[in-house]
> 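Sharing a structure, written as structure tokens. Questions coming.
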Amino acid sequence: MIFLEELNPKQREAVEAGDGPVLVLAGPGSGKTRVLTYRVAYLVRLSGVAPWRIMAVTFTNKAAREMKERLAPTHLPPHGSSPLSPHQLQQLTIGTFHAVCARILRRESEVISGWDSNFVIYDSGDQLALIRQALRELNLDDKKHRPTSIHGRISTAKNELIGPERFQAITYQEEIVHRVYKRYQELLRDNNALDFDDLLMKTVNLFRQRDDVVTAYQERYQHILVDEFQDTNMVQYELVKLLAGKHQHLFAVADEDQSIYSWRGADYRNVLRFREDFPSHGLILLEENYRSTGTILEAARHIIRHNVHRVDKQLFTHRGDGVKVQVIEAYDEQEEAQYVAGQIVRLQAESRVPTSHCAVMYRTNAQSRLLEEEFIRRGMPYRLVRGTRFYERKEVRDILAYLRLIHNPDDGVSMARIINAPPRGIGAKTLSALENWAFKLDTSTFGALKKLQEEEAGTHLAWPSPFSARAGKALLSFASVLTTLIADRDQITLPELFDTTLSRSGYRDLLQDGSNEAEDRWDNLQELRRVTQQFASTDPSDALPLFLEQVALVSDADGLTEDNEGGPALLTLHAAKGLEFQAVFMVGMDEGMLPHKRSLDDIEAMQEERRLCYVGVTRAMDHLYLVHTFRRTTFGQSALSTPSRFLHDIPDELVDIRPHVSPPRQRARAVSADRSVVWADKASPTPTHPVRSHFAIGDTVAHTKFGEGVIIASHLTSDDQEVEVAFPGQGIKRLSVNMAPLEKLDQETAVGGKQ
DNA sequence: GGACAAGTATTTTTT
DNA sequence: ATACTTGTCC
């Protein structure tokens, strides 16, 4: 078959693998997405598997979309052999774990007690709101028990398939979590809502409890394909195992070295479990890299080889060595940004690397600010990958809350969110009175509003409403807005419903104040309206739930904020996974930054930092710059920094310069001519505060940890002195005199010795 | 109900 | 430094 001919032998072996479990260990840039899509095409076209019997699961919508696109007839391999017909494509089950589970749960909703098929999916913001509510109800202080951390514990439990009833509480903290977990889960049920983790956990529980249901799905799905298998957590693994339980045709693609989501429950050891649980599996290694130069690949290999418990892949490329890796020391983070921006310009001029093929990667989002400022200062465009996320904007979340409430009036979280947005005289006090009253009436908040309307119409209630005339009026007026919208729900198209929601809610008037900010927010809502357009011709009673589901499971900007202006991409190392660029700048290559300081004393966490570094390095096709600083300001505190340990793992012969070997002044000049000017500026202060003691070059000093050493460089800042000390046998250390336990030896305690 | 001061925490974030 | 939350006052 023509479309298989462009695969290399290993890729082809994977694509054409026979029945039974198959594990493909695929290095970066080895064409794993291609293998996955060709495998699907192969199964349908050559093995005669009906498309509706195939399920391919991914982690991101983007990956799912990419697979579908590549299978679509418009995206043919050269020579025109079309992989699948539109009809076949449509029958495939391709989606994220969460989307696939949501679909199953809706179809089987009658067997998950407490929820009906209209359930809404709560995103992280909603989940936190619900945790806070649970804390409040349990009279717990949300200062002492931070909602995010409690939510994290609950999420971890759910990912380990531990429901509230099975949650083991030994410590006091766990006891608190246990109580909140129980209440949280009840609240979800009362709101007819599921959180992300529930989608997976409830599906697995359903399969475990109902033989008939699991059998039906097992029989239907003959072939299960899983992308990024190293990122699966326990529920996901369990789910896959259950689904593949009958036919055992499980095709998993993994790279242990790119597992960077353990803090979300991902466990690369699932790759090892796969090998134990499916002992007869086929194993295929994809080791040819089509992306990076030999030098970059070799540097990556030296970084990752320090990790244990991994299959050591022998990555190779036919691309040739290319240029060396550049290790750069900047004076501080300002200079780091200046260097990066300047070098991007130079690359474009000298090596014809388009700026849009450059990427700047960092460990934490906070690091993007200085880079952005520098790009703005120079008037250079840039693409910030996931800044404020579209769906996290207040106006977007508010309108979505309206729509969710219209769909599922019992959704108390959405109700609390918008009952006073825009402001309509229903403050926190009135809301909590309403919620209490609803509790007494044994109904939802919305139910209470309905009761209020009945009371207004003359019905006598066992519990009369407790509101002042003013509050009562405000509530009634809001209730009528809501009931009108609900009445419209199944009558008008989704875009129409969207528009009428905007105007009836008062949101439109709110954003018509003529300010720039209001205009931006209005534009965002119009952006959201564009999404509703996809459902313009869908039956009104189906459109809203479909739209809400799509939006709930596509929380990333996913094309919405993608501006194609060009310019370098600014992104976190996590966000970089799966991407590639001609030139990659990794900034903040300092100890504490990468590896992050929170990972310093944990071996597993440190290995993950290493993988993160590896992911960054292997994004680069031709040029790789690793930038660290001499000193760095964190949380307003300036301190000397140490180059990342990962830099030391790259052999010298792969690296162009090692600036930190020379003393600061030369080092500065070696990097760029203007650097020394900046350096001189910062290095020549008259101390405003007297410094405790001064060291001069040549002084012999003693350090409590490093022993005896000699000062080889020094410079003064406004309130401190920085020295470099050569400790025989231990290398050169940079130390702050105010901080380091240093003592002068064999010399009188002279003060003010300027070098 | 909104404005302002004070206090606090600050990794990553596929869904 | 700073962004975000909470508390207090008008």
Side-chain angles (χ1 to χ4, degrees), chain A residues 57-66 95-102 121-128 132 141-143 146-149 151-152 155 158-159 194-201 227-228 230-233 235-236 258-266 333 361-370 373 385-386 388-389 391-392 420-431 470 474 549-558 571-578 588 592-600 602 605 608-609 611-613 615-616 632-638:
Chain A
V57 228
T58 63
F59 278 85
T60 62
N61 292 295
K62 199 173 151 220
R65 196 173 47 225
E66 202 175 307
T96 63
F97 274 101
H98 293 83
V100 166
C101 287
I121 299 165
Y122 274 0
D123 66 25
S124 13
D126 306 321
Q127 293 166 32
L128 278 181
R132 287 203 186 88
D141 182 0
D142 65 1
K143 286 257 182 47
R146 303 233 316 282
T148 43
S149 112
H151 178 257
S155 175
K158 287 186 176 180
N159 286 330
L194 295 174
D195 68 15
F196 290 138
D197 303 315
D198 284 333
L199 294 175
L200 307 176
M201 181 173 75
D227 191 16
E228 307 270 20
Q230 76 283 352
D231 284 335
T232 52
N233 59 28
V235 209
Q236 286 158 342
Q258 292 188 62
S259 165
I260 54 175
Y261 285 103
S262 72
W263 44 276
R264 286 192 107 272
E333 59 270 33
M361 300 175 187
Y362 34 81
R363 176 70 237 261
T364 66
N365 278 311
Q367 291 171 264
S368 74
R369 217 193 78 241
L370 282 167
E373 283 170 7
V385 178
R386 59 195 81 224
T388 314
R389 308 241 226 74
Y391 285 104
E392 280 170 14
N420 200 32
R424 49 172 72 87
I426 306 175
K429 268 205 147 149
T430 307
L431 174 61
R470 203 171 81 179
E549 170 133 349
Q550 172 173 328
V551 163
L553 297 176
V554 186
S555 286
D556 59 6
D558 242 349
L571 68 179
T572 62
L573 288 163
H574 283 89
K577 191 158 99 163
M593 216 77 232
L594 183 72
H596 193 271
K597 61 175 175 299
R598 294 216 179 176
S599 309
L600 255 33
D602 178 334
E608 184 143 317
E609 297 292 309
R611 293 193 289 267
L612 206 43
C613 184
V615 166
R632 186 175 287 278
T633 305
T634 5
F635 306 145
Q637 217 56 40
S638 176

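Naming convention: chains lettered A, B, ... in sequence-line order (proteins, then strands); numbering from 1 in each chain.
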> Measure from the side chain of A:Arg363, starting at C-beta and using heavy atoms only, and say which of B:dT13, B:dT15, B:dT11 lies closest.
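My answer, after comparing the listed nucleotides, is B:dT11.
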
> How far, in whole Å, is B:dT12 from C:dT5 if one measures between their P atoms?
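That atom pair is separated by 16 Å.
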
> Is A:Val57 close to A:Asp227 at the side-chain level, that is, under 4.5 Å between some pair of heavy atoms?
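In short, these two side chains do not touch, never coming nearer than 4.5 Å.
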
> Answer with base, sugar-phosphate or nothing: what part of the nucleic acid does A:Ile426 contact at a heavy-atom distance below 4.0 Å?
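Result for A:Ile426 = sugar-phosphate.
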
> Would you tell me if any nitrogen or oxygen in the side chain of A:Thr572 comes within less than 4.0 Å of OP1 or OP2 on B:dT13?
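For B:dT13, OP1 or OP2 has a side-chain N or O of A:Thr572 closer than 4.0 Å.
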
> Taking C:dA3 as the reference, what is the distance to B:dT14 when you measure between their C1' atoms (whole Å, please)?
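Taking atom C1' in both B:dT14 and C:dA3, they lie 26 Å apart.
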
> What is the 5' to 3' range of DNA chain C, first to last nucleotide, that sits under 4.0 Å from any heavy atom of chain A?
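Terminal contacting nucleotides, 5' to 3': C:dA1 to C:dG7.
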
> Reading nucleotides 2-10 of chain B from the 5' end, what letters show protein touch, with B for base, S for backbone sugar-phosphate only, - for no heavy atom under 4.0 Å?
S-------B

> Give one of base, sugar-phosphate or nothing for A:Asp197, where a contact means two heavy atoms less than 4.0 Å apart.
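No contact.
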
> Can you tell me how far C1' of B:dT14 sits from CG of A:Leu571, to the nearest Å?
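It works out to 14 Å between those atoms.
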
> Does A:Thr634 offer a backbone N or O that forms a donor-acceptor pair with the side chain of A:Gln637 under 3.5 Å?
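No, because the side chain of A:Gln637 does not come within donor-acceptor range (under 3.5 Å) of the backbone of A:Thr634.
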
> Looking at A:Arg598, A:Met593, A:His596, which hits side chain to side chain contact (heavy atoms under 4.5 Å, CB included) with A:Glu609?
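Answer to the side chain to side chain contact (heavy atoms under 4.5 Å, CB included) test with A:Glu609 among A:Arg598, A:Met593, A:His596: A:His596.
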
> Take A:Gly427 and A:Lys577, find for each the nucleotide of DNA chain B with the closest heavy atom, and name the residue whose nucleotide sits nearer the 5' end.
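In this pair, the answer is A:Gly427.
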
> Atom CZ of A:Phe59 and atom C1' of B:dT14: how far apart are they, to the nearest Å?
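A:Phe59 atom CZ is separated from B:dT14 atom C1' by 8 Å.
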
> Looking at A:Val615, is its backbone amide N or carbonyl O close enough to the side chain of A:Lys577 to form a donor-acceptor pair, meaning the two atoms are under 3.5 Å apart?
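No; judged by distance alone, with no hydrogens or angles, the pair does not exist.
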
> Donor-acceptor pair, distance only, cut-off 3.5 Å: does the side chain of A:Arg611 make one with the backbone of A:Gln258?
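No; zero donor-acceptor contacts below 3.5 Å.
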
> Measure from CG on A:Asp126 to C1' on B:dT15 and round the result to the nearest Å.
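So the two atoms are 13 Å apart, to the nearest Å.
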
> Could you state the atom-to-atom distance from NZ of A:Lys597 to P of B:dT12 in whole Å?
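So the two atoms are 11 Å apart, to the nearest Å.
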
> Rounding to an integer number of Å, can you tell me how far A:Met361 CE sits from B:dT12 C1'?
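After rounding, the gap between these two atoms is 15 Å.
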
> When the distance from CG of A:Asn159 to C1' of B:dT13 is rounded to whole Å, what number comes out?
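One finds 13 Å between C1' of B:dT13 and CG of A:Asn159, rounded.
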
> For nucleotides B:dT13 and C:dC4, find the distance between their P atoms and express it as a whole number of Å.
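One P to the other, the span is 15 Å.
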
> Between B:dT13 atom C1' and A:Leu612 atom CG, what is the distance in whole Å?
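These atoms are roughly 12 Å apart.
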
> Going by centres under 5.5 angstrom and planes under 30 degrees, do the aromatic ring of A:Tyr261 and the base ring of B:dT13 stack?
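So A:Tyr261 does not count as stacking on the base.
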
> So, are A:Arg264 and A:Asp231 salt-bridged, with charged N and O less than 4.0 Å apart?
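Salt bridge flag = no for A:Asp231 with A:Arg264.
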
> Locate the shortest heavy-atom distance separating A:Arg632 from A:Gly588; write the atom from each residue and the value.
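So the minimum-distance heavy-atom pair works out to NH2-CA, 3.3 Å.
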
> Tell whether A:Arg264 reaches the base of B:dT14 with its side chain through a donor-acceptor pair below 3.5 angstrom.
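It does not, because no donor-acceptor pair links the side chain of A:Arg264 to the base of B:dT14 below 3.5 Å.
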
> Is there aromatic stacking of A:His596 on B:dT11 here, judged by a ring-centre distance under 5.5 Å and a plane angle under 30°?
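Stacking is present between B:dT11 and A:His596, given that their ring centres fall under 5.5 Å apart and the planes under 30°.
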
> How long is the line joining CG of A:Asp231 and P of B:dT14, in whole Å?
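It is 12 Å, rounded to the nearest whole Å.
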
> Under 4.0 Å between a side-chain nitrogen and a carboxylate oxygen: does that hold for A:Glu373 and A:Arg369?
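A salt bridge links A:Glu373 with A:Arg369.
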
> Can a side-chain donor-acceptor contact be found between A:Thr364 and A:Gln367 if the only test is distance below 3.5 angstrom?
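A:Thr364 and A:Gln367 do have a side-chain donor-acceptor pair below 3.5 Å.
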
> According to side-chain contact (heavy atoms from CB on, under 4.5 Å), who are the partners of A:Ile426, at least two apart in sequence or on a separate chain?
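With neighbours one apart ignored, the set is A:Ile419, A:Asn420, A:Arg424, A:Thr430, A:Ala474, A:Leu475, A:Phe478.
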
> Please state whether the phosphate of B:dT11, meaning OP1 or OP2, lies under 4.0 angstrom from any side-chain nitrogen or oxygen of A:Asn365.
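Checking A:Asn365 against B:dT11: no side-chain N or O falls below 4.0 Å of OP1 or OP2.
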
